[in-house]
Number of protein chains: 2
Amino acid sequence: MSDASPRRRRSGGRAGNTRRTSPDVIRQMPWRVPLNPDRPTEPLDEEGVERMHNASMRILEEIGIEFLNEEALEIFQEAGCKVEGTNVRMGRDWVMEMVGKAPSEFTLTPRNPDRTITVGGKHILFGNVSSPPNYWSLETGKTTGTRAQCADLLKLTQYFNCIHFAGGYPVEPVDIHASVRHLDVLYDKLTLTDKTMHAYSLGKERVEDVLEMVRIAGGHSEEEFAASPKMYTNINSTSPLKHDIPMIDGCLRCIRKGQAVVVTPFTLAGAMAPVTMAGAVAQSLAEALSAIALFQYVRPGCACVIGTFTSNVDMKSGAPAFGTPEYMRATQMTGQMGRYYGLPIRSSGVCAANVPDGQAMWETSNSLWASVQSGTNMIYHAAGWLEGGLIASPEKFVMDCEVLQMMQRYMEPATWSTEPEDLAVDAIQEVGPNGHFFGCQHTQDRYETAFYEPFVSDWRNYEAFDLAGNVWTAERAGKLAKEILASFEAPAMDDGIRQELAEFVERRKAEGGAPTDF
Amino acid sequence: MSDASPRRRRSGGRAGNTRRTSPDVIRQMPWRVPLNPDRPTEPLDEEGVERMHNASMRILEEIGIEFLNEEALEIFQEAGCKVEGTNVRMGRDWVMEMVGKAPSEFTLTPRNPDRTITVGGKHILFGNVSSPPNYWSLETGKTTGTRAQCADLLKLTQYFNCIHFAGGYPVEPVDIHASVRHLDVLYDKLTLTDKTMHAYSLGKERVEDVLEMVRIAGGHSEEEFAASPKMYTNINSTSPLKHDIPMIDGCLRCIRKGQAVVVTPFTLAGAMAPVTMAGAVAQSLAEALSAIALFQYVRPGCACVIGTFTSNVDMKSGAPAFGTPEYMRATQMTGQMGRYYGLPIRSSGVCAANVPDGQAMWETSNSLWASVQSGTNMIYHAAGWLEGGLIASPEKFVMDCEVLQMMQRYMEPATWSTEPEDLAVDAIQEVGPNGHFFGCQHTQDRYETAFYEPFVSDWRNYEAFDLAGNVWTAERAGKLAKEILASFEAPAMDDGIRQELAEFVERRKAEGGAPTDF
């Protein structure tokens with residue numbers, strides 16, 4: 001298709017998006033996809049890796065995984081796996097052969113090609129919080145999620161350059177009927193952001209609708225759309241040892257249309273997985289690899305990511321805990337095994353805290369640093385998550401983005417460069433033992449870009465901070481979120497495409513949307 | 001000296017300290033000295049290390065360091081260094097020969113030998129906040145430090161098992177006259193804690209008094225005391241490129257009595273050091289190595305630690321920033337160079353935040369994780385620090401201890417062990433796809449110790465949290481601090497030793513204490 005084709009001209013691409021940007025409420029770092037230069041932290045020694053691999057393979061060979069999806073069972077049968085009822089056992093040679101077909105790196109190209117991201121290798125990408133049923137802000141307290149709140153969080157997703165992809169609904173808009181919710185939210189997502197889209201695998205209609213809407217938004221033909229991943233789905237297994245019907249169905253639909261899948265077992269140690277972290281990770285790996293092997297059999301070379309959502313429960317209450325030492329090591333171990341399998345890795349920025357306070361930030365810092373240390377490529381829930389994923393919060397979103405920006409800066413080689421002008425022996429000589437570096441030329445040439453510049457941190461001394469109202473971080477973040485939302489301008493979109501999306505939504509609503517008997 | 005000697009019988013040792021312990025306000029992890037199993041994060045490649053080393057050596061050879069201390073100048077002269085006025089230039093061969101004499105690992109034995117700590121290698125040790133002139137709590141707001149507040153923070157230092165050594169005064173007790181402050185605080189420190197002691201190098205009388213009081217508290221003869229390090233001093237250079245009189249004097253007194261020294265330049269990039277991080281680190285290394293070379297010349301093999309306190313300033317206000325990306329990389333680079341020089345490493349747990357909120361905890365988490373990643377051995381200011389070190393806070397102390405305990409747990413091999421019972425394939429088989437791990441024997445055998453157990457984190461769901469008063473972390477921490485202080489029982493001390501300490505303090509006060517014309 002030529003550049004002059006109607007579709008191409010209508011796409012909301014590069015040109016459209018440099019024209020309109022939101023005004024600068026804050027000075028933030030420009031859009032970039034950071035590369036993580038650090039050698040990953042790897043808890044397992046060589047023998048540990050082999051033991052972990054062997055345990056995962058034994059689970060697949062001796063215990064098997066339940067696949068409730070009929071089509072998957074047929075495919076496994078055809079591939080020569082041992083299928084008994086819904087139980088599927090698969091040999092390690094076959095699993096490793098299939099997993100070996102998956103690319104270690106691929107790109108995701110959203111409607112604005114400037115927002116293209118690479119998943120795999122040293123790339124590290126941050127996504128917004130996904131799927132909390134509730135919203136919390138200092139003003140509202142905890143409330144059930146609405147479309148308006150969802151749209152606000154989508155605006156923050158778009159506004160912050162350190163958010164590289166859009167996850168699931170940043171809050172579940174419970175005020176929209178479930179049959180048409182995906183249509184309205186995808187319309188909002190596609191018009192309010194130009195970053196990579198996600199589809200929930202919750203029934204074929206939902207997946208197909210999202211696939212179609214993302215294709216329309218990108219101005220692609222069916223062929224162009226399928227030629228390389230433009231979006232992705234993320235599924236969880238039903239741990240222990242089970243993949244349900246719609247999740248596998250959605251993945252099959254995505255890979256058959258050339259789109260990416262992220263397989264993320266949710267294995268809480270002591271609840272849906274063994275109480276020992278190595279056991280919980282082994283089970284998670286087995287669950288993920290079984291699905292990825294299936295997808296690679298169906299579409300060799302399709303884009304798959306192995307995810308981890310292994311944490312522990314609070315043994316007193318059974319409640320999930322996040323950002324714990326156990327969580328950190330599980331994330332690192334999964335990252336290590338992901339590299340062993342040659343797969344891109346997904347983890348999360350999470351906490352158990354109910355409000356955006358100190359606990360929220362040490363738990364989130366722990367989980368985010370574990371992600372960095374694990375060599376993760378996609379970090380889900382990196383901004384806005386509270387209460388173990390039951391709450392999305394604009395204050396927390398803004399606070400997390402400060403942490404994420406610092407991580408981006410942390411990964412810039414300028415901070416450890418040792419060129420002669422960085423080592424600055426001449427400047428040290430010039431300033432001498434009685435001088436000060438504020439005024440010297442070496443400083444003057446660099447001070448504007450030398451250091452990370454915060455937007456919600458308050459670095460003033462206590463007296464200035466106190467005089468300004470003694471405003472703690474959450475309150476400052478809430479104020480910033482409001483200013484950002486008040487001045488938000490949606491990214492450019494061709495009117496024809498917007499119209500086509502609206503018509504699609506209207507038609508599908510008229511058809512009744514998706515069934516709600518799930 | 002035999003076990004039956006009067007001094008030995010009077011020491012507050014093992015037996016004394018198992019008898020009396022504070023009641024359990026919280027369930028905390030037992031005293032232990034964690035080993036950091038992680039491969040350090042090393043930003044510099046091999047060439048970068050050589051460049052950094054070369055820059056430091058060029059500073060020492062071509063620019064020189066100012067030593068204001070007469071005795072140091074005479075020693076440098078004797079050693080063959082180029083001394084011109086107060087400027088000392090030293091050749092890299094001599095510096096490396098001297099630094100090579102320093103042990104890479106040594107022990108510090110406080111009055112309670114159960115609290116002996118090893119500095120160096122894979123050991124990682126946490127110390128309390130040191131030297132803020134101000135105190136802040138939710139109740140008091142910001143106030144000038146007092147002896148009572150200092151004692152409270154010392155009690156927390158003793159209470160928390162994750163605090164391994166006592167730093168400087170946890171808050172400066174400004175209500176005690178400076179001439180006798182060290183006597184009163186050391187009496188408090190030695191009676192309220194049995195962990196490793198610190199002396200300020202602020203004049204010969206202060207250092208000698210502390211050396212003597214620590215000797216008395218340990219029940220040591222002069223000879224026993226000098227036989228191995230029982231305490232340490234920590235000095236800062238007067239950056240750029242200068243060591244003042246009392247700091248070097250204090251170190252010389254300590255090493256001549258067999259005690260340890262920590263040399264920590266305070267090089268704020270863009271202020272007292274180049275605006276580039278590599279330059280700030282190169283200068284910091286040169287300043288530290290010049291002093292350590294001196295000490296090794298005077299006492300070959302004496303216990304020396306190389307410290308880092310390199311951060312950046314906020315270029316808008318000139319205020320120091322902490323826990324920044326630049327701070328993290330500087331810490332990691334210094335750790336890498338510390339290993340290159342074969343020296344134990346000191347860094348810090350710090351923040352710029354004024355109150356114990358979200359910002360405080362992400363900044364502190366950043367600095368603490370950088371310490372872990374850098375392979376640091378002693379982490380100063382690990383609990384209680386606010387406002388760039390101008391405030392000590394009991395709430396922050398308790399919150400930080402939760403983070404430190406999690407780091408201790410993070411370092412326990414149990415979290416990544418891959419023995420067959422950890423991989424738990426049998427348990428996974430037993431529970432199967434429709435079961436739950438709560439009830440199985442594998443879980444029952446382990447659930448009490450399987451996971452980190454928090455003491456100030458609230459892992460309940462929002463509704464339970466809300467019903468309990470919606471109490472944010474800082475307030476929960478403040479309540480805990482009060483309970484701990486209310487029930488605090490000092491560690492055992494022989495009455496004879498306590499009497500001897502009191503008499504020493506009384507006598508030295510009668511003699512006028514230390515001069516205050518500094």
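The sequence lines fix the lettering, A, B, ..., with proteins before strands; numbering per chain opens at 1. Just the heavy atoms: all of them, side chains too, but no hydrogens, waters or symmetry mates, feed the values below.
- Proximity to chain A (any heavy atom under 4.5 Å) is shown, for B:Ala271, by both the backbone and the side chain.
- Interface remark: B:Pro43 contributes backbone and side-chain atoms alike to the contact with chain A (heavy atom separation under 4.5 Å).
- Using a 4.5 Å cut-off between heavy atoms, B:Ala474 contacts chain A through its side chain alone, with no backbone atom that close.
- Counting heavy-atom pairs closer than 4.5 Å to chain B, the top residue among A:Asp314, A:Thr324, A:Thr41, A:Val355 is A:Val355.
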side-chain contact (heavy atoms from CB on, under 4.5 Å) assessment of A:Phe322 paired with B:Trp459: CA-CA 9 Å; A:Phe322 292 102; B:Trp459 286 355; over 6 Å; no
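- The pair A:Arg39-B:Asp38 does not count as a salt bridge, with every side-chain nitrogen at least 4.0 angstrom from each carboxylate oxygen.
- When heavy atoms are compared at a cutoff of 4.5 Å, B:Glu448 does not approach chain A at all.
- A:Glu66 approaches B:Pro433 most closely through the heavy-atom pair CG-CB, 3.3 Å.
- Heavy-atom distances place no part of A:Leu390 under 4.5 Å from chain B, backbone and side chain included.
- For B:Pro40, the part lying near chain A is the backbone, with the side chain staying farther off; criterion is any non-hydrogen pair under 4.5 Å.
- A donor-acceptor contact shorter than 3.5 Å is absent between the side chain of B:Arg409 and the backbone of A:Pro325.
- Neither the backbone nor the side chain of B:Glu412 comes within contact range of chain A, judged by heavy atoms closer than 4.5 Å.
- For the side-chain contact (heavy atoms from CB on, under 4.5 Å) with A:Gln429, the lone residue among B:Ile63, B:Ile59, B:Leu241 that qualifies is B:Ile63.
- Both the backbone and the side chain of B:Val313 have a heavy atom closer than 4.5 Å to some heavy atom of chain A.
- Residue A:Thr418 holds its OG1 atom at 8.5 Å from CE of B:Met333, rounded to the nearest 0.5 Å.
- Residue contact with chain A, scored on non-hydrogen atoms closer than 4.5 Å, involves the backbone and the side chain of B:Ala269 alike.
- When every heavy atom of A:Thr473 is checked against every heavy atom of B:Gly358, the shortest pair comes out as OG1-N, 4.0 Å.
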Audit row: A:Lys316, B:Glu453, side-chain contact (heavy atoms from CB on, under 4.5 Å) steps and yes/no: CA-CA 9 Å; A:Lys316 282 184 293 199; B:Glu453 187 181 344; 3.9 Å; yes
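- Considering every non-hydrogen atom in both A:Ala55 and B:Val425, the closest pair reads CB-CG2, 3.8 Å.
- The main-chain N or O of A:Trp362 is never found under 3.5 Å from a side-chain atom of B:Ser365 such that the two would form a donor-acceptor pair.
- When each of A:Pro356, A:Ala427, A:Ala319 is scored by its heavy-atom pairs under 4.5 Å with chain B, the top score falls to A:Pro356.
- The nearest pair of heavy atoms linking B:Thr443 to A:Gly270 is CG2-O, 4.5 Å.
- Residue A:Gly432 comes nearest to B:Pro240 through the heavy atom pair O-CG, 3.3 Å, listed as atom of the first residue, atom of the second, then distance.
- Using a 4.5 Å cut-off between heavy atoms, B:Lys396 makes no contact with chain A at all.
- In plain terms, the two heavy atoms of B:Leu423 and A:Ala282 that are nearest each other are CD2-CB, 4.3 Å.
- With a 4.5 angstrom heavy-atom cutoff, B:Ser417 touches chain A only via backbone atoms.
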Derivation of the side chain to side chain donor-acceptor pair (under 3.5 Å) call for B:Asp422 and A:Thr276: CA-CA 5 Å; B:Asp422 300 308; A:Thr276 43; 5.3 Å; no
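- With a 4.5 Å cut-off on non-hydrogen atoms, B:Glu387 touches chain A through its side chain but not through its backbone.
- The distance from atom CG of A:Asn312 to atom CZ of B:Phe451, rounded to the nearest 0.5 Å, is 4.5 Å.
- For B:Asn470, the part lying under 4.5 angstrom from a heavy atom of chain A is the side chain only.
- Rounding to the nearest 0.5 Å gives a distance of 11.0 Å between CD1 of B:Ile428 and CD of A:Glu62.
- A side-chain donor-acceptor contact under 3.5 Å links A:Glu326 to the backbone of B:Tyr452.
- Of the two parts of B:Arg476, only the side chain, counted from C-beta on, holds a non-hydrogen atom closer than 4.5 Å to a non-hydrogen atom of chain A.
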Check against side-chain contact (heavy atoms from CB on, under 4.5 Å), B:Lys142 and A:Asp466: CA-CA 10 Å; B:Lys142 186 175 177 179; A:Asp466 200 38; over 6 Å; no
CA sep, side-chain torsions, deciding dist, call: A:Asp458, B:Gln359, side-chain contact (heavy atoms from CB on, under 4.5 Å): CA-CA 8 Å; A:Asp458 189 332; B:Gln359 179 191 333; 3.9 Å; yes
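- Annotation: the span from A:Phe437 atom CZ to B:Thr267 atom OG1 amounts to 9.5 Å, rounded to 0.5 Å.
- With hydrogens and angles disregarded, no donor-acceptor distance shorter than 3.5 Å links the side chain of A:Arg329 to the backbone of B:Trp416.
- With a 4.5 Å cut-off on non-hydrogen atoms, B:Asp426 touches chain A through its side chain but not through its backbone.
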